[in-house]
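Just so it is clear, the structure is predicted and the values come from calculations on it, not from any experiment. In what follows, every heavy atom counts, from backbone to side chain, and hydrogens, waters and symmetry copies are set aside. So you know, we letter chains A, B, ... as the sequences are listed, proteins then strands, and number each from 1.
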There are 2 protein chains.
Amino acid sequence: MDTAERLIESTQQLLWERGYVGTSPKAIQRLAGAGQGSMYHHFAGKPDLALQAIRRSAEQLCAQAEERFSEPGSAYERIAAYMLREREVLRGCRVGSLAHDPEVVASPALREPLSETFAYLRRRIEELLREGLDRGEFVEGMAPAGVAAALVAVVQGAYVLARSAGSAEEFERAVRGGLDLLSAYTARPAAPAEPRQQEEKT
Amino acid sequence: MDTAERLIESTQQLLWERGYVGTSPKAIQRLAGAGQGSMYHHFAGKPDLALQAIRRSAEQLCAQAEERFSEPGSAYERIAAYMLREREVLRGCRVGSLAHDPEVVASPALREPLSETFAYLRRRIEELLREGLDRGEFVEGMAPAGVAAALVAVVQGAYVLARSAGSAEEFERAVRGGLDLLSAYTARPAAPAEPRQQEEKT
DNA sequence: GTCTATATCTAGATAGAC
DNA sequence: GTCTATCTAGATATAGAC
């Protein structure tokens, strides 16, 4: 693997762990095993390198999500597969966590991949919901665009709850709660993709 | 207002805007109009000062939320009042945004107020949901603890979507989507606290 | 309680040799 | 393409005078 590539991957990792503000060129170089001169030869500086890294992470995230969206199964099942997929919860979302970084948000260029990612996720879930409505999988009365946004938000918010509590179980609880809400719109009890949470339903 | 107080409030503001990693003692002193010696006289250092500031923000947030939870009205209406309350959306959540800061999450002391805040919000919403179930406001089949966690997560995630897009409308859309989902569990169409979103319901 | 001086380390880069 | 040297600024304090 060449140096530029190692620098990008190291930056991806550090942005995930420490955010943009918390990531220094020196730390990137150390992790990539590259010198100062090497980094400034391949990239114009920290913002340039960060942009490449953020774009890469955004693409990878969308690709991972698309794998779940395009599985066989009902709309509910495919949405559940996305929301419940294996995650390193306590590390946070590689893309979403950057939305709290002041310098990322202040830079239209750095912010754009975030914006694209969430627009993509929302749009794909909206499509699945409309498909489900057409097939009679959901009862009428649901506004697909809003519900899709809410489901994406549940996942991002679930990371916040889990990291605040220092426990991945909080993620699980919030996401299953979101699916519980979605199931209230299913025309007949949806067969959940995973066994239900323990909490008894009143 | 005395110096210690001004230092705490300045720290609250900077933590909100820039996070813990992005906030320097010097910036705090500048904003508070206090000198180095003054800050280190009143506080042991940055972590100590930050702890006081985070606790303060957490208390204020819970108090603000409690105002909405204890309004008159149905459970749905009080939850909606909390979720739709006036917010400076693009600034993010003063408490939730700290959940993305690596040094806050790594410190049990700094993390505790976050954990407490979200536990409180979730518990209060769960109580409202149970109350609503007892009164027949919601149909059976809802798991209140999970749904409460999901609703808290929707709000936190909505901040992420809005800041990523650079637009407060994304917040609005996600939160209304969350309420749309909750309304699917209402025994009869809930009277929304605010006019419905424009999107036509299919 | 507050101030100024000082100290050490890192951030984020530029310059020029190899 | 990579390395080392150098630079200015800021982070995060401690020391001691006033």
(Q) On the six-membered ring of F171(A), is R91(A) placed so that its NZ or CZ lies under 6.0 angstrom from the centre and within 45° of the ring axis? (A) no
Q. Take atom CD in E169(B); do more than 12 heavy atoms of anything else shown fall under 6.0 Å from it?
A. no
Q.
Could you tell me if K46(B) sits above the aromatic ring of Y40(B), with its cationic atom closer than 6.0 Å to the ring centre and no more than 45 degrees from the axis?
A. no
Q) Quick one: what's the B/S/- string for nucleotides 2-18 of chain D, heavy-atom cutoff under 4.0 Å, read 5' to 3'? A) BBBB-----SSBB----
Q.
Both conditions, 6.0 Å and 45 degrees, for the charged tip of R135(B) above the ring of Y76(B): are they met here?
A. no
**Q.** Whether H100(B) and H100(A) hold their rings parallel, tilted or perpendicular, with breakpoints at 30° and 60°
**A.** parallel
